[in-house]
K.L.:
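Quick one: the structure is below, questions incoming.
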Amino acid sequence: MEADLKGKKVTVVGLARSGVAAARLLQAVGARVTVADGKEEAALSEALSRLDRRSLTVKVGAGYESALEGADFVVISPGVPSRLESLNAARRRGARVIGELELASGFLTAPILAITGTNGKSTTVTMVGLLLEQSSKRVFVGGNLGTPLCDAALATYQAGGLTRNAAPPLYDYIVTEVSSFQLETIERFRPWVAAILNITPDHLDRYPSVSSYAAAKARIFENQTAEDFALLNLDDEQVAGLRRGLRARVLGFSRTGPVSDGAYLAGDRVMATIKGRSEAVCRRGDIRLPGSHNLANAMAALTIGLLCGCPTEVIRRVLQTFPGIEHALETVRERRGVRFVNDSKGTNVDATIKALESLDEPIFLIAGGRDKGGDFAKLQEPVCRRVKRLILIGESASRIREAMGPFDRISHAATLQDAVELAAREASPGDVVLLSPACASFDMFTDYQDRGRQFKELVQALP
């Protein structure tokens, strides 16, 4: 990849975290870098401050697409639709259009453990990282989860990992969360272990159908060989159907039946069979995270851990102690007998249903935001069964209300603060106030993290 890029004109489109990381890597390897973004420069000052402006061309604002003219390579951020007409025109002119994931993978020497799925990616990636770290492995954990993969690529490059064989490897494993958006633009990206946790309707504002969304996810397997592993959720019909035609060795995990290679639940024991060796890893009750979906995430993580040589006792200890990640069923505070839970990562209908099913207490649900094409009617049954009051915010509030049918315990709030204060007034001891929006955050917040942190601040500020 270094030889492909040195001296070439490369345009990076999108200056969020992954775009900045890509530009820094490209500068380090000697590419002639232009960064482009539709935002004005004042709004990009923090991002631009992390780049060496002396060897960089900046084209931002209304005319940013002119940066594509004459480019040999174009590197796009995940949020940039890969089929924009300006990108198609660049392809017709002979430019190679890739994403930050593809760029980074060309500089990585450690085995890549890549995890995707509609829900549970961040939890599973974090869990795998802990299993490896506590087994004394040198590990990078990031990707779509937070730290861009190009940061690992740059560290590997600067450590001489590609050219000086005498240098010790920087990482034993790269654990990365991968999104469907990132997979749209891969060419040679090849993980040693590739896992799909689940596929449910999501991002239908970007994809014309669930099948096209699933096809983007399935690209995670396309460059694997018989030396690699494909890990599938066998309880998910769409995911299980992907096993046909895979070149990698197939492993599975299931909560409902035995698995010959992988992990499964037998009674109250979590069993695993890896490389012909079967063992009981732990009991179902040992897994600290609540919900059947987190049992599935744990089985995926432990399967990867065993493949990488993690001791069973380490795996058991991590499963017993791992509290989860920020913004995913995160308990914020208990106030006057009412528990406040932040599930801002619940950005689609299926995630919100899982959150509702994971809680035993009566629920005040705060939901709403920017619609991604989700089927809100699927929420009606679990809301009727589990929710004392539904408090709606954001652009999709009226659509969600229409989808609730006869359920009428519904309130509207103009802001998240209004929603939190309403729930705090009306909830009784023993209730849960749950933020699980079933929607994207971009109508009112920077991202789901901003939404979750504002929720936590509002809850902590309650008298």
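Just so you know, these numbers use all the heavy atoms, side chains as well, and skip hydrogens, waters and symmetry mates.
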K.L.:
Flag the pair Glu184 and Arg219 as a salt bridge only when some basic side-chain nitrogen lies within less than 4.0 angstrom of an acidic carboxylate oxygen.
P.N.:
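Salt bridge absent between Glu184 and Arg219.
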
K.L.:
Within a strict 4.5 Å, meaning less than it, do heavy atoms of the Val383 and Leu365 side chains meet?
P.N.:
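Yes - at least one pair of side-chain heavy atoms lies under 4.5 Å apart.
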
K.L.:
Checking Phe376 now: which residues fulfil ring-ring contact (aromatic ring centres under 6.0 Å, His included) with it, not counting sequence neighbours?
P.N.:
none

K.L.:
For residues 265-276, which side-chain donor-acceptor pairs fall under 3.5 Å, sequence neighbours excluded?
P.N.:
| unit_1 | atom_1 | unit_2 | atom_2 | d |
| --- | --- | --- | --- | --- |
| Asp268 | OD1 | Arg283 | NH1 | 2.9 |
| Asp268 | OD2 | Arg283 | NH1 | 3.0 |
| Thr273 | OG1 | Ser278 | OG | 2.8 |

K.L.:
Would you tabulate the side-chain donor-acceptor contacts of residues 13-34 under 3.5 Å, counting partners in other chains and residues two or more places apart, or write 'none'?
P.N.:
| unit_1 | atom_1 | unit_2 | atom_2 | d |
| --- | --- | --- | --- | --- |
| Gln27 | NE2 | Asp52 | O | 2.9 |
| Gln27 | NE2 | Ser55 | OG | 3.2 |

K.L.:
Among Val259, Leu231, Leu306, which one satisfies side chain to side chain contact (heavy atoms under 4.5 Å, CB included) with Leu251?
P.N.:
Leu231

K.L.:
For residues 275-333, pull every pair meeting ring pair (Phe, Tyr, Trp, His ring centres under 6.0 Å), keeping only residues two or more places apart or in separate chains.
P.N.:
His327-Tyr448

K.L.:
Listed by chain and number, what are the ring-ring contact (aromatic ring centres under 6.0 Å, His included) partners of Tyr264, not counting sequence neighbours?
P.N.:
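Checked Tyr264 against ring-ring contact (aromatic ring centres under 6.0 Å, His included); zero matches.
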
K.L.:
Which distance, rounded to the nearest 0.5 Å, do you find between the CD1 of Ile115 and the OG of Ser179?
P.N.:
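The distance works out to 13.5 Å.
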
K.L.:
Ring pair (Phe, Tyr, Trp, His ring centres under 6.0 Å): which pairs involve residues 215-253, sequence neighbours left out?
P.N.:
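Of all non-adjacent pairs touching residues 215-253, those that pass ring pair (Phe, Tyr, Trp, His ring centres under 6.0 Å) are Trp192-Phe229.
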
K.L.:
Could you check whether Arg138 makes a cation-pi contact with Tyr173, meaning its NZ or CZ is under 6.0 Å from the centre of the six-membered ring and within 45° of the ring axis?
P.N.:
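No, cation not above the ring by the 6.0 Å, 45° rule.
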
K.L.:
Considering residues, nucleotides and ligands other than Glu227, do more than 12 of their heavy atoms fall under 6.0 Å from its CD?
P.N.:
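No, the 6.0 Å shell around CD holds no more than 12 heavy atoms from other groups.
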
K.L.:
Taking Glu102 for its side chain and Arg188 for its backbone only, find out whether a donor-acceptor pair lies under 3.5 Å.
P.N.:
yes

